[in-house]
There are 2 protein chains.
Amino acid sequence: MRIALLGGTGDIGQGLALRFARDTDHEVLIGSRDPEKARDAVATYEENLESRGADADVKGFANEMAADRADVVVLSVPPYYAGDTVEAVADNLDSDTILVTPAVGMQGDEDGLHYHPPGTGSVTELVAERAPDEVPVVGAFHNLAADALSDLDHELDLDTLLVADDDDAKETVRNLATEIEGLRALDVGPLANAAEVESVTPLVINIAKYNDDLHDVGVKFH
Amino acid sequence: MRIALLGGTGDIGQGLALRFARDTDHEVLIGSRDPEKARDAVATYEENLESRGADADVKGFANEMAADRADVVVLSVPPYYAGDTVEAVADNLDSDTILVTPAVGMQGDEDGLHYHPPGTGSVTELVAERAPDEVPVVGAFHNLAADALSDLDHELDLDTLLVADDDDAKETVRNLATEIEGLRALDVGPLANAAEVESVTPLVINIAKYNDDLHDVGVKFH
């Protein structure tokens with residue numbers, strides 16, 4: 001399978017790229033608005049992976065080309081770019097492409113971060129609204145700390161939460177997520193349940209802020 | 001210390017009553033609008049605790065009297081009664097009483113439960129708004145599954161999240177929460193950070209709904 005990480009040079013994109021490249025046999029495509037930047041990131045990722053003896057199958061492209069070649073397209077961009085990025089690559093998506101969105105809207109003040117969803121109720125639903133009708137959208141990878149993901153020495157023992165209206169697409173992403181070592185994927189139902197999932201992201205950041213012994217906080221449900 | 005559980009005959013009240021009675025040396029006061037109902041609940045709790053060889057120090061009162069006698073008053077009532085219950089017992093609270101609120105506003109539909117806070121931003125902040133100015137308010141025990149709490153055979157390994165503007169009150173509740181076996185208390189900052197804490201409650205219920213192997217779901221951060 002080919003997994004494109006649009007905005008794959010950013011923090012969550014880097015973490016997912018490294019984990020998918022190290023832990024799975026899938027081909028990882030790094031997308032960026034600037035293909036040169038994507039290729040530079042790939043060089044860094046490959047160096048990291050090869051120093052650990054991992055076989056690196058990572059390539060860099062402009063976002064559009066990465067989306068065009070991929071079976072699963074992860075929108076690892078900041079929330080305020082999510083809608084525009086979907087529209088920029090819309091012609092490169094079809095009913096066989098699964099669009100995955102991990103972005104969360106937040107606002108900060110002196111107390112911490114607060115959940116700040118768009119008018120659609122969640123960034124996940126905003127992506128679904130802006131995506132072509134035939135393209136299935138899955139919310140996933142929202143609450144993972146980018147630093148923990150990107151540090152391949154850090155052993156994960158975390159849950160990621162999935163929301164989607166398309167059960168087949170959700171199952172594909174569930175299997176993909178589960179291939180990352182130490183990651184469990186839990187079903188949280190349809191896209192309408194996305195807000196409570198996204199809201200955990202500012203919460204885990206606040207927990208790291210107020211508890212000295214916790215960094216790069218993730219979550220496990222049981 | 002004396003801990004009053006107002007609405008202590010309900011599901012979360014029962015769970016906290018049994019855990020505090022079994023795991024700590026504090027005196028547990030069950031409050032209800034109907035003192036007879038409180039005393040009936042106490043009889044059931046005592047039977048449960050004594051069958052396990054636990055020393056039961058639990059008494060039943062009307063809410064006002066329970067609040068009057070207590071050092072820590074837990075508002076274990078449904079969210080739509082939280083504000084009115086605070087006002088009903090306001091004369092029985094003072095600056096030496098800590099008011100603890102675990103209630104969360106939710107609305108359900110066919111997809112699951114959705115976070116539905118009041119206009120104040122959270123039930124926790126609503127309680128703080130309705131409480132006398134001198135009474136410190138702590139949000140705690142929001143995301144614990146009542147059935148798991150009430151089943152004393154169920155070993156907890158969970159986090160509870162604390163928000164408060166009064167650091168001393170927060171510290172007292174943190175110590176109290178930690179006395180419950182298997183419960184860790186994490187600081188999430190001031191009352192303004194309550195919404196993201198409360199929002200986990202509908203999320204854990206949705207996770208239980210969509211994952212057959214998970215019941216009475218709680219959460220652990222790491």
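Residue numbering restarts at 1 for every chain, and letters A, B, ... go by the order of the sequence lines. Bear in mind the structure is a predicted one, so any value in this text is a computation, not a measurement.
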Heavy-atom proximity to chain A below 4.5 Å, by part of B/V204: side chain
Carboxylate-amine/guanidinium contact B/D159 B/R184, below 4.0 Å: yes
Residue, of A/I207, A/D213, A/N193, that accumulates the most heavy atom pairs under 4.5 Å with chain B: A/N193
Heavy-atom pair count under 4.5 Å with chain B, highest-scoring of A/D157, A/D111, A/V217: A/D111
Sub-4.5 Å side-chain heavy-atom contact between A/L203 and B/F221: yes
Most chain A-contacting option - heavy-atom pairs closer than 4.5 Å, from B/V200, B/L161, B/D109: B/L161
CA sep, side-chain torsions, deciding dist, call: B/V138, B/T172, side chain to side chain contact (heavy atoms under 4.5 Å, CB included): CA-CA 10 Å; B/V138 179; B/T172 300; over 6 Å; no
Heavy-atom pairs under 4.5 Å with chain B, option from A/V188, A/N211, A/D216, A/L158 with the top count: A/N211
Value rounded to 0.5 Å, distance of CG in A/D23 from CG in A/L152: 7.5 Å
Spacing of CG belonging to B/L176 relative to CE belonging to B/M1, to within rounding of 0.5 Å: 6.5 Å
Partner chain A: residue of B/A148, B/P190, B/G112 with the largest heavy-atom pair count (under 4.5 Å): B/P190
Most chain A-contacting option - heavy-atom pairs closer than 4.5 Å, from B/E196, B/H114, B/K220: B/E196
Portion of A/L113 that has a non-hydrogen atom of chain B nearer than 4.5 angstrom: backbone
B/L93 vs B/E134, side chain to side chain contact (heavy atoms under 4.5 Å, CB included): CA-CA, chis, key distance, verdict: CA-CA 9 Å; B/L93 306 173; B/E134 70 276 16; over 6 Å; no
Contact origin within A/L214 toward chain B - heavy atom pairs under 4.5 Å: side chain
Distance, nearest 0.5 Å, that separates CG of A/L149 from CG of A/L18: 9.0 Å
